[in-house]
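Labels below follow one simple rule: chain letters A, B, ... track the order of the sequence lines, proteins then strands, and each chain is numbered from 1. A quick note: this is a predicted structure, and the numbers were derived from the prediction, not measured.
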Amino acid sequence: MLDPLGEWKKTHDCNTLGLGHAGEQVVLMGWVQRRRDHGGLIFVDLRDREGITQVVFDPQADALAHERAHGLRSEFVIAVRGTVRRRPEGMTNPKLKTGEIEVLVHDLKILNVAKTPPFHIEDDTEASESIRLKYRYLDLRRPVMQRNLILRHRAAFLTRNYFADHGFVEVETPVLTKSTPEGARDYLVPSRVNPGKFYALPQSPQIFKQLLMVAGFERYMQIVKCFRDEDLRADRQPEFTQLDLEMSFIHEEDVFALIEGWICRLFQELLGVELSTPFPRMTYADAMNRYGTDRPDTRFGLELVDLTEIVKDCDFRVFRQAVESGGRVKSICLPGGSRLSRKDLDDLIEFVQGFGAKGMAWIKVQPDGWQSPITKFLSEGVRGAIAEATGAGQGDILFFVADQPKVVHESLGNLRNRLARQMNLVEDGAFQFCWVTHFPLLEWDPDEKRYVAVHHPFTAPLEEDLPLLDEAPEKVRSRAYDLVLNGTEIGGGSIRIHRQDIQNKMFAALGIGPEEAAEKFGFLLDALQFGAPPHGGIAFGFDRLLMLMSGAASIRDVIAFPKTQKATCLMSGAPSEADINQLLELCIRVETEGR
RNA sequence: GGGGACGUAGUUAAGAUGGUUAUAACGCCGGCCUGUCACGCCGGAGGCCGCCGGUUCAAGUCCGGUCGUCCCCGCCA
């Protein structure tokens with residue numbers, strides 16, 4: 001029933017044949033995409049990685065091949081030998097690249113049969129994601145998935161070339177490494193030869209790349225797997241890939257220029273998109289004030305306007321009291337928004353309440369004046385000042401949130417994104433990059449009752465802010481930077497601390513005592529004493545970048561074998577219980593009672 | 001840890017107030033068909049209604065629990 005491959009060689013891919021090949025003898029191999037059996041003639045769409053070619057079985061060309069072609073089913077693997085011919089007048093298929101020709105089959109080999117697949121292999125599949133993940137090897141046959149993974153391959157290839165051309169050396173860092181405090185939860189790996197001891201999988205190669213700078217490599221890069229045992233999202237996986245790099249003797253601007261060159265080449269060569277450089281820069285403080293977030297989507301306006309000074313003495317108690325208790329009052333003006341219904345507004349108010357806002361005031365600018373529940377509390381002068389500050393005009397609507405800055409920014413920042421989506425303000429296919437700089441070095445953690453690093457404990461403080469480290473740690477700005485694309489953080493890094501004295505001060509500010517520091521990071525502190533050069537670097541979420549470049553809805557669509565939201569693999573069944581003998585060998589007892 | 005959506009044939013979905021044989025489309029199987037490309041026509045098979053328990057004369061439908069998938073908050077230096 002099945003035929004051996006024998007001496008047959010594939011002569012062409014299924015996207016290559018055209019009118020120029022008419023009359024040629026060819027051998028194609030691939031999967032049966034679809035069979036259209038007319039009893040007399042049988043048409044098969046033959047699919048391989050590159051495309052689809054229609055092959056025709058005609059009893060007059062070869063009776064045996066035609067007979068056997070009746071038995072072909074979806075996803076059978078076949079090889080055909082035949083003649084390329086121009087399709088009859090009016091029978092071309094403009095939807096196919098090879099639609100002007102077909103291959104008349106003289107000889108068929110059925111290389112393998114296939115069970116009926118649980119879903120049809122096509123881009124617009126109706127299969128749910130869990131079915132797709134369970135049969136991932138079938139899902140990956142879909143052209144769109146192959147395009148994504150091939151794009152990913154090309155991006156990685158280009159990336160290695162680009163950085164190699166710029167003097168970078170790819171060095172592999174350990175996957176079995178040491179747990180670090182701070183940051184995400186670690187994945188642990190037991191050590192059989194050291195009973196009771198564990199490795200941690202790296203959350204990133206941070207310390208190793210700094211050590212490579214101490215080691216004198218000057219420029220290091222790596223495309224590397226990282227692991228974080230945290231809850232998943234549409235753009236987060238427990239194991240993900242970073243483009244990681246580090247450089248010596250450099251300044252922020254060197255990193256920006258290098259990365260901009262890389263991104264430009266990626267977008268130009270892989271997407272045909274020309275980007276202009278330099279990318280806009282924005283301080284963290286600006287980003288928060290104008291966009292309410294440290295990852296602003298700059299594809300549209302709707303910026304936040306601070307009205308605190310204007311309304312602090314007005315008669316609207318909500319505004320006044322918010323200001324009196326140290327809060328802010330900010331507004332977003334949505335052009336043309338006055339046509340929103342009461343129901344729309346209620347939905348939006350409920351939306352911002354999800355971010356801690358107690359409510360949200362609004363004002364519609366109508367032809368016959370301002371329409372709003374709060375107009376009566378606002379004097380002529382205050383109204384004029386609000387109109388001027390926000391630029392609100394006829395037909396617009398203003399939204400107000402008054403609260404502590406964190407709440408104001410989170411609600412309005414998220415509202416801004418939602419409005420842009422809802423009102424279709426985001427241009428399709430736009431890519432807006434933006435560097436965000438001068439992040440705070442530390443922030444107060446009320447749960448742990450201590451300062452924690454906003455970026456990580458090796459980030460250098462801004463030199464001019466160094467004196468503040470003792471008296472007002474939360475005011476110290478850092479030399480950290482993020483690259484934001486369309487409102488998503490795709491990369492982040494910093495200039496590092498290369499002096500042991502400053503590193504020690506940093507640990508002190510973080511409440512990490514000398515003993516703990518020595519125990520957790522002793523090797524790094526040691527290294528800093530042996531001539532560490534000034535250095536800095538950056539790391540990119542490679543999957544996330546690819547997701548944005550390919551237009552995928554989820555990070556899972558650019559990862560060959562991703563995990564579900566519960567961090568399981570529906571195909572392999574991982575994670576699973578360990579064999580008792582493995583556990584015994586590792587001196588591990590599993591206790592799930594009471595969990 | 002919390003909020004929300006979903007779970008019915010191989011797949012995707014419909015099943016109002018609880019009611020007797022659980023629908024449809026696509027797919028699958030058989031037959032016919034020499035110009036289809038989402039081929040067409042005729043016929044057919046296919047169901048632990050996620051799972052467990054409860055209410056009821058009666059549960060896909062109501063209640064409780066549980067498992068799974070997705071989205072979000074917390075979390076992700």
Kindly indicate whether the side chain of [X] and the base of [N] share any N or O donor-acceptor pair separated by less than 3.5 Å?
X      : N     : result
A:R73  : B:G27 : no
A:R228 : B:C76 : no
A:R556 : B:C70 : no

Reckon [X] touches a base, only the sugar-phosphate, or nothing at all at heavy-atom distances under 4.0 Å?
X      : value
A:S554 : nothing
A:S204 : base
A:P117 : nothing

Just the rounded figure in Å: distance from [atom2] of [N] to [atom1] of [X].
X      : N     : atom1 : atom2 : answer
A:Q237 : B:C70 : CD    : C1'   : 13 Å
A:E129 : B:G7  : CD    : P     : 17 Å
A:K134 : B:G10 : NZ    : P     : 11 Å
A:I131 : B:U8  : CD1   : C1'   : 14 Å
A:D445 : B:G74 : CG    : P     : 14 Å

**Report entry** A:H38 and A:F43 aromatic centres sub-6.0 Å
**Finding:**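 Yes, close enough.
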Query raised in the report: In residues 503-525 of chain A, which ones come under 4.0 Å of RNA chain B, going by heavy atoms?
Result: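 Within this stretch, nothing sits under 4.0 Å of the strand.
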OP1, OP2 of [N] versus side-chain N and O of [X]: anything below 4.0 Å?
X      : N     : result
A:T564 : B:G68 : no
A:Q565 : B:C71 : yes
A:T116 : B:G27 : no

Report task. Measure from the side-chain N and O atoms of A:Q503 to the backbone N and O of A:P457, and report whether any donor-acceptor pair falls under 3.5 Å. Result ->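 Confirmed, A:Q503 side chain pairs with A:P457 backbone.
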Report task. If a pair satisfies side chain to side chain donor-acceptor pair (under 3.5 Å) and one of its residues is in residues 538-548 of chain A, list it, with sequence neighbours excluded. Result ->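 Counting only pairs at least two positions apart or across chains, the side chain to side chain donor-acceptor pair (under 3.5 Å) contacts touching residues 538-548 of chain A are A:R152-A:D543.
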Query raised in the report: side chain to side chain donor-acceptor pair (under 3.5 Å): which pairs involve residues 94-108 of chain A, sequence neighbours left out?
Result: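 Residue pairs with at least one partner in residues 94-108 of chain A: A:Q54-A:E102, A:T83-A:H106, A:R85-A:E102.
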Requested in this report: Return the set of residues passing side-chain contact (heavy atoms from CB on, under 4.5 Å) with A:E239 (not counting sequence neighbours), or none when no residue passes.
Outcome: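 With sequence neighbours excluded, A:E239 shows a side-chain contact (heavy atoms from CB on, under 4.5 Å) to A:K225, A:F227, A:K563, given in chain and number order.
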Requested in this report: Counting heavy atoms from C-beta on, name the nucleotide in B:U69, B:C71, B:G74 closest to the side chain of A:D231.
Outcome: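 Taking heavy atoms from C-beta onward, the closest nucleotide is B:G74.
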In residues 511-525 of chain A, what donor-acceptor pairs under 3.5 Å come from side-chain atoms, sequence neighbours left out?
none

Query - Check ion pair A:K343-A:D346 (N to O, under 4.0 angstrom) - result: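 No salt bridge links A:K343 with A:D346.
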**Report entry** Base-pairing mate for B:A5 - Watson-Crick or G-U, with both contacts under 3.5 Å
**Finding:**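 Base-paired to B:U69.
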**Report entry** Closest approach of A:A234 to A:M547 (non-hydrogen atoms, all atoms of both residues)
**Finding:**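 In this case the closest contact between A:A234 and A:M547 is O-SD, 4.4 Å.
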**Report entry** Identified side chain to side chain contact (heavy atoms under 4.5 Å, CB included) counterpart of A:D244 within the set A:F542, A:Y220, A:F208, A:F540
**Finding:**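 Going through the options one by one, the only one that passes is A:Y220.
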Query raised in the report: Tell me, for nucleotides 32-37 of chain B in 5' to 3' order, what letter each nucleotide earns: B for a base near a protein heavy atom under 4.0 Å, S for only sugar-phosphate near one, - for neither?
Result: -BBBBB
Query - Separation between the C1' atoms of B:C63 and B:G18, rounded to whole Å - result: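 Per the computed distance, 13 Å lies between those C1' atoms.
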